[in-house]
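Please read all numbers here as calculations on a predicted model, not as lab measurements.
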Amino acid sequence: ILIDGRDINAVDIKGDPLPTLVYLAREKRPQYHHHFKAGAMNALIRVSSRISNGPIILNVDCDMYSNNSKSIKYSLCIFMDEEKGDEIAYIQFPQKFNNLTKNDIYGSSLRVIQQLELAGLDANGGPMYIGTGCFHRREALCGKKYEKNYKVDWKKLNDTKANESASVLEETCKVLASCTFEHNTPWGKEMGLKYGILVEDIITGLSIKCRGWKSMYLNPEREGFLGVAPTTLLQLLVQHTRWAEGHLQIFLSRYCSLVYGYKRIPLKLRLAYCPFNLWAANCLATLYYVVVPCLCLLKGFSLFPKISSPWVVPFVYVAFVHRAYSLGEFLWCGGTFRGWCNDQRVWLFKRTTSYFFAFFQTILKLLGYSQLTFALTAKVSDENVSERYEQELIEFGATSPMFDILATLAMLNLFGSFGAIKKVILDADEDFKVLDQFGLQILLCLVLVTINLPVYQALFFRKDNGKLPSSVTYKSIIFALLACTVAMPKLLSHLSSGAWYNGMMNQFNKNQREILGCQVLGFYHEQRKIGKQKLSSTLRNEASKGTSTVSVNRSWNRATHYGDKHSLSVMAYEYPSEKLSVHPSDDGCSDLTFYALLEAASFTRIWLPFCRKLKVEPRLPEAYFRKTVKHADDSAMAK
């Protein structure tokens with residue numbers, strides 16, 4: 001317990017009380033499953049119930065911070081509404097980011113989903129719980145069923161704090177955070193966050209609604225919470241692989257909304273979950289349209305009606321009108337035309353890689369050939385990657401099966417386009433019969449080539465470290481040529497000569513030796529070990545400069561900084577400090593996190609009066625040490 005809000009000495013420099021601040025590092029042992037983020041959340045729920053037992057719980061991811069000090073007041077106004085407030089289990093804020101580029105190069109904002117689809121769910125019973133930026137009613141999260149005419153006694157709930165001393169509470173709470181506490185208990189099943197599904201937040205929100213509760217979507221003009229979006233393509237694809245895999249697991253399990261929600265939630269709400277649950281399955285249709293029309297074009301098979309046929313109208317409608325509607329929807333949500341193009345590109349990349357891997361990994365797990373794993377999304381990138389991200393250059397720079405697929409599909413459609421152009425040129429003297437017969441297939445190939453322009457640049461033209469490795473280039477060319485031979489057997493005679501192949505493989509072996517040498521020699525770094533006394537003094541020196549940001553080691557700086565920045569931003573809410581408790585956890589046992597939070601607790605005595613006096617937004621120390629103002633509406637910060 002770093003700050004005990006009950007202690008009369010826990011005050012800031014103005015004499016006002018400070019919120020309670022508790023750091024939790026739960027026990028983990030190899031023989032006990034820790035259940036990833038869901039297990040950490042459940043441990044926090046138990047420990048906080050023993051120390052503060054607040055009736056409302058705010059769940060914020062480590063890389064997010066509060067950007068609106070009034071978020072808690074907005075939420076409590078809904079929870080305490082006399083007519084409908086008692087039936088609300090949680091209030092979900094949109095997941096937004098502070099590092100998006102102008103045109104959102106990776107489509108991380110999920111603009112249409114956040115502003116339209118989740119908001120539209122309010123009419124069907126409320127949005128799904130997305131794992132962060134969510135205010136929960138403790139009773140609902142701990143398994144309580146909603147009953148008609150249920151009324152909350154707020155006075156009774158506000159008088160539930162423990163009377164023991166901080167040292168006694170620390171000892172008793174160790175039992176609640178032990179790895180054996182949940183054995184043979186309802187935790188993870190009927191209480192807290194659900195276990196066994198990668199997207200534990202989605203299934204937890206669904207189960208809460210099936211117990212009779214409702215939820216609400218709150219999207220104020222000033223963003224309630226901001227986080228860090230992926231800055232490389234691989235980070236994004238790995239993140240969406242986990243999401244898509246978890247959603248498909250839900251659809252194929254007993255928690256499928258169509259079955260689990262039967263007679264519990266409205267039909268339209270059960271159906272609203274299905275488009276998200278079937279993300280992974282959509283890979284099959286997308287891969288068909290990316291691969292089959294191209295190969296059939298090379299083979300000479302027509303898949304669509306002729307341009308001169310009236311039956312072409314439905315296909316033209318789908319191809320043009322639907323995309324025009326999508327563009328209008330995106331622009332209405334505040335996006336740009338280039339942002340929409342990037343969104344369409346990433347949509348294709350996710351469906352042909354992330355969703356494809358998620359689909360087959362889920363099938364393998366159902367058949368018992370794979371175990372449940374939780375892939376973490378990296379939150380830290382080096383300076384060169386960040387510079388290319390700001391320039392809106394797609395970051396490849398690594399070998400991955402996902403990039404092999406992307407590059408192969410891009411090369412396949414490039415070869416298909418070359419073959420189509422050759423056919424059109426040779427057919428120019430015959431009234432363009434080929435163009436009439438294969439017009440839509442040629443158009444589809446050209447559109448796919450346009451979408452994949454950044455892939456071609458990374459394969460052949462870029463010289464920076466964000467390009468695709470040479471091994472990916474060679475594999476994609478070989479796989480694409482092999483696929484083309486299925487459609488054009490005449491290529492076999494050209495390929496059988498072998499001269500071009502030998503030269504390419506010699507160059508490939510040379511590049512592989514260079515890459516392997518770089519991996520062995522270039523990426524070996526010795527970790528510095530810093531003692532506790534030196535670490536504490538370093539942190540104290542940083543705090544004396546007026547910032548709580550830790551600057552001990554580059555690899556440690558960001559990870560620790562995330563921990564104390566979201567804690568400080570929440571502690572600075574416009575809300576009575578004696579009623580506010582903050583329980584951060586790094587889900588491990590890090591000395592650095594503990595000492596960073598200890599220094600942050602000291603810095604709070606200066607930081608909170610500063611926020612109250614100047615009414616600044618955002619209430620995040622880091623924002624006032626940046627070289628530029630990231631939010632134009634932060635006039636106080638600019639001054």
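In this structure, CD on E390 lies 11.5 Å from CD1 on I105, to the nearest 0.5 angstrom. Taking CG of L100 as the start and OG of S108 as the end, the distance is 6.0 Å to the nearest 0.5 Å. The structure places OG of S569 at 11.0 Å from CG of N68, a figure rounded to the nearest 0.5 Å. For the atom pair CD of Q391 and CG of D464, the computed distance is 8.5 Å after rounding to the nearest 0.5 Å. Interatomic distance, CZ of F349 versus CD1 of I394, reported as 5.0 Å (0.5 Å rounding). K350 contributes atom NZ, which lies 11.5 Å from atom CG of N282 (distance to the nearest 0.5 angstrom).
Across all their heavy atoms, K96 and M64 have their closest contact at O-CE, 3.7 Å. Taking each heavy atom of P230 and Q239 in turn, the nearest pair found is CG-OE1, 3.8 Å. E200 approaches A38 most closely through the heavy-atom pair CG-CB, 3.6 Å. Of all non-hydrogen atoms in A119 and Y217, the two that sit nearest each other are CA-CD2, 3.6 Å. Considering every non-hydrogen atom in both K37 and D61, the closest pair reads NZ-OD1, 3.0 Å. The two atoms that bring G246 and I197 nearest to each other are O-CG2, 3.8 Å, heavy atoms only.
Not a single donor-acceptor pair under 3.5 Å links the side chain of E392 to the backbone N or O of T101. Checked by atom type and distance alone, the side chain of N384 never pairs as donor or acceptor with a backbone atom of N465 at under 3.5 Å. One N or O on the side chain of Y389 and one on the backbone of N99 form a donor-acceptor pair closer than 3.5 Å. With Q92 contributing its side chain and I130 its backbone, the two residues share a donor-acceptor pair below 3.5 Å. Listed for the N67 side chain is a donor-acceptor partner under 3.5 Å among the backbone atoms of E223. Using a distance-only test at 3.5 Å, with no hydrogens or angles considered, a donor-acceptor pair links the side chain of S354 to the main chain of L237. With Q441 contributing its side chain and P293 its backbone, the two residues share a donor-acceptor pair below 3.5 Å. Remark: side-chain polar atoms of Q95 are not paired, donor with acceptor, to backbone N or O of L110 under 3.5 angstrom. No donor-acceptor distance shorter than 3.5 angstrom exists from the side chain of T286 to the backbone of C283, with no hydrogens or angles considered.
Considering only heavy atoms from C-beta on, Y129 comes within 4.5 Å of N59 through its side chain. For the pair D343 and R111, the minimum side-chain heavy-atom distance is 4.5 Å or more. Residues I425 and I421 have side chains in contact (heavy-atom distance under 4.5 Å, counting atoms from C-beta outward). You'll find the side chain of V385 reaches within 4.5 Å of the side chain of T232, heavy atoms only. Side-chain contact between S326 and Q344: present, with at least one pair of heavy atoms (C-beta onward) separated by less than 4.5 Å. Contact annotation: the side chain of L331 never approaches that of W340 to less than 4.5 Å [non-hydrogen atoms, C-beta and beyond]. At a threshold of 4.5 Å between non-hydrogen side-chain atoms, the residues F276 and I113 count as touching. With contacts defined as side-chain heavy-atom distances shorter than 4.5 Å, the pair V449/Y456 qualifies.
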What side-chain donor-acceptor pairs closer than 3.5 Å can you find for residues 401-418, not counting sequence neighbours?
{"from": "D404", "atom 1": "OD2", "to": "K475", "atom 2": "NZ", "distance (Å)": "3.2"}
{"from": "T408", "atom 1": "OG1", "to": "D404", "atom 2": "O", "distance (Å)": "2.7"}
{"from": "N413", "atom 1": "ND2", "to": "V290", "atom 2": "O", "distance (Å)": "3.3"}
{"from": "N413", "atom 1": "ND2", "to": "L409", "atom 2": "O", "distance (Å)": "2.9"}
{"from": "S417", "atom 1": "OG", "to": "N413", "atom 2": "O", "distance (Å)": "2.8"}

task = I would like to know whether L348 and L448 meet side chain to side chain contact (heavy atoms under 4.5 Å, CB included); could you show each step before the answer?
result = CA-CA 9 Å; L348 178 67; L448 290 171; 3.8 Å; yes
query = Given the rule in the side chain to side chain contact (heavy atoms under 4.5 Å, CB included) test, do W332 and L116 qualify, once you have shown the distances and angles that lead to the verdict?
reply = CA-CA 10 Å; W332 184 81; L116 289 181; 3.2 Å; yes
ask   = side chain to side chain contact (heavy atoms under 4.5 Å, CB included) between L568 and L620: does it pass, once the steps are laid out?
value = CA-CA 7 Å; L568 284 167; L620 176 72; over 6 Å; no
task = Quick one: do N342 and Y106 satisfy side chain to side chain contact (heavy atoms under 4.5 Å, CB included)? Show the steps, please.
result = CA-CA 7 Å; N342 292 331; Y106 297 124; over 6 Å; no
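Judged by the 6.0 Å and 45° rule, K423 forms a cation-pi pair with F438.
Within a 6.0 Å radius of OH in Y317, other residues, nucleotides and ligands contribute 12 heavy atoms or fewer. Within 6.0 Å of CZ on R338 lie no more than 12 heavy atoms contributed by other residues, nucleotides or ligands.
Ring centroids of Y355 and F359 are separated by 6.0 Å or more, keeping the two rings apart. The aromatic ring centroids of F320 and H322 lie 6.0 Å or more from each other.
Using the six-membered ring where Trp is involved, H247 and W279 have ring planes that are perpendicular, over 60° apart on the 30 and 60° scheme.
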